[in-house]
Amino acid sequence: MAVKCIGLITSGSDAPGMNPAVRAVTRAAIYNGFTVKAVYRGFKGLINGDIVEFKTQNVSNIIQQGGTILRTSPSKDFTTPEGRQMAYENMKAAGIDALIVIGGDGTMTGTRIFAREFDVPCIGIPCTIDNDIYGTDTTIGYDTALNTIIDAVDKIRDTATSHQRLFFVEVRGGSAAGFLALNGGIASGCEECIIPEIEAKEDQIGTYIQNGFKKAKGSSIVLVAETEETGGALQYAERVKRDYPELDVRVSILRHLLRGGQPSAHDRIIASRMGVASIDAILDGQRNIMIGLKNDQIVYVPFAKVIRNVKPIDHSLMEILHNLSI
Ligand code: F6P
């Protein structure tokens with residue numbers, strides 16, 4: 001059956017760049033003759049029938065806005081077969097025959113389950129500050145979050161230097177991903193960076209202390225990716241304070257700050273490219289794939305591949321951080 005009407009959803013955690021992606025999907029769809037139905041509040045909106053037709057003017061003046069005008073929300077109901085059945089019925093009642101879903105890894109997983117159960121063509125667009133999605137070099141929102149990290153750390157460094165303090169700065173990173181912390185650490189010249197990919201195997205802070213961090217500089221900044229594996233910045237600060245009472249230690253937790261703000265130029269551009277690519281994919285007869293970027297080229301990645309694989313972090317980046325922070 002030829003697709004005529006596309007449902008558009010933003011789901012999971014918001015990320016800067018969701019709005020430019022919503023704009024691109026809407027405009028590219030209308031340009032190619034599709035009807036667009038926007039679903040509000042993620043999959044919850046599909047279950048509740050919170051669906052509105054979008055024209056080009058619905059996405060005017062949003063390219064520069066953070067967050068998502070479609071809103072987003074977790075949906076426990078969508079994890080149940082009954083909830084997904086309800087979502088399918090509402091989707092059909094609204095005349096939607098394909099879905100484009102913008103979100104992170106959890107969103108891709110939920111979309112794949114739905115696509116298989118109901119045989120609905122679904123296209124995913126990777127959008128999360130965490131950059132932890134397999135099959136794409138980068139996700140929408142990651143670049144803006146990195147820029148927010150460097151802005152925050154530059155400011156923290158002013159006070160850390162003035163007071164000669166050791167700061168633990170906590171960023172988020174998804175379930176077990178240190179992309180934000182590691183590249184944020186390189187970009188802001190941090191002295192150390194604790195990420196789950198390494199911390200799960202070795203006591204990073206122990207090594208850092210043994211290497212004599214306190215002798216090297218008057219002040220130091222350690223970026224910590226908060227996850228179950230790392231435990232977070234407060235825990236490290238407590239340990240260092242206990243073992244080195246002479247050190248002046250402080251903690252700054254950035255967390256949700258990283259999810260806000262105007263999308264960077266890079267995020268606006270990739271959101272626009274991926275949004276257009278999602279409509280091209282529908283025109284190509286693609287289904288159940290995520291749009292990715294590999295070596296700056298658009299690629300189609302089957303959901304199964306996205307979900308089964310963990311995106312590896314480049315460990316040589318840690319060496320770069322260490323070598324440059326002597
Ligand atoms: O995906 C972004 C993110 O901030 C993750 O790093 C974190 O695990 C998750 O969202 C937490 O979201 P919330 O606090 O909104 O539940």
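All values derive from a computational prediction rather than experimental measurement. The figures that follow rest on heavy atoms only: side chains count, while hydrogens, waters and symmetry mates do not. Start at 1 and go down the list; that is how both ligands and their atoms are numbered.
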Between Asp130 and Lys311, does any NZ, NE, NH1 or NH2 come within less than 4.0 Å of an OD or OE carboxylate oxygen?
no
Taking atom types as modelled, find out whether Ser60 and Arg27 have a side-chain donor-acceptor pair closer than 3.5 angstrom.
yes
Flag for His322-Glu191: side-chain donor and acceptor within less than 3.5 Å
no
Please tabulate protein-ligand N/O pairs under 3.5 Å for ligand 1, atom names and distances to 0.1 Å.
{"from": "ligand 1", "atom 1": "1 (O)", "to": "Asp130", "atom 2": "OD2", "distance (Å)": "2.7"}
{"from": "ligand 1", "atom 1": "4 (O)", "to": "Arg259", "atom 2": "NH1", "distance (Å)": "3.0"}
{"from": "ligand 1", "atom 1": "6 (O)", "to": "Asp130", "atom 2": "OD1", "distance (Å)": "3.1"}
{"from": "ligand 1", "atom 1": "6 (O)", "to": "Asp130", "atom 2": "OD2", "distance (Å)": "3.3"}
{"from": "ligand 1", "atom 1": "6 (O)", "to": "Gly173", "atom 2": "N", "distance (Å)": "3.4"}
{"from": "ligand 1", "atom 1": "6 (O)", "to": "Gly174", "atom 2": "N", "distance (Å)": "3.1"}
{"from": "ligand 1", "atom 1": "10 (O)", "to": "Ser13", "atom 2": "OG", "distance (Å)": "3.0"}
{"from": "ligand 1", "atom 1": "10 (O)", "to": "Arg259", "atom 2": "NH1", "distance (Å)": "2.9"}
{"from": "ligand 1", "atom 1": "12 (O)", "to": "Arg259", "atom 2": "NH1", "distance (Å)": "3.1"}
{"from": "ligand 1", "atom 1": "14 (O)", "to": "Arg172", "atom 2": "NH1", "distance (Å)": "3.1"}
{"from": "ligand 1", "atom 1": "14 (O)", "to": "His256", "atom 2": "NE2", "distance (Å)": "2.7"}
{"from": "ligand 1", "atom 1": "15 (O)", "to": "Arg259", "atom 2": "NH1", "distance (Å)": "3.3"}
{"from": "ligand 1", "atom 1": "15 (O)", "to": "Arg259", "atom 2": "NH2", "distance (Å)": "2.9"}

Between Asp143 and Ser264, do the side chains contain an N or O donor and an N or O acceptor separated by less than 3.5 Å?
yes
Remaining members of hydrophobic cluster (4.5 Å side-chain criterion), Ile47
Ile9, Val39, Phe43, Leu46, Ile51, Phe78, Met86, Tyr88, Met91, Ile96, Leu99, Val101, Phe114, Phe118, Val120
Salt-bridge test for Lys92 and Glu89: reply yes if a basic N is under 4.0 Å from a carboxylate O, no otherwise.
no
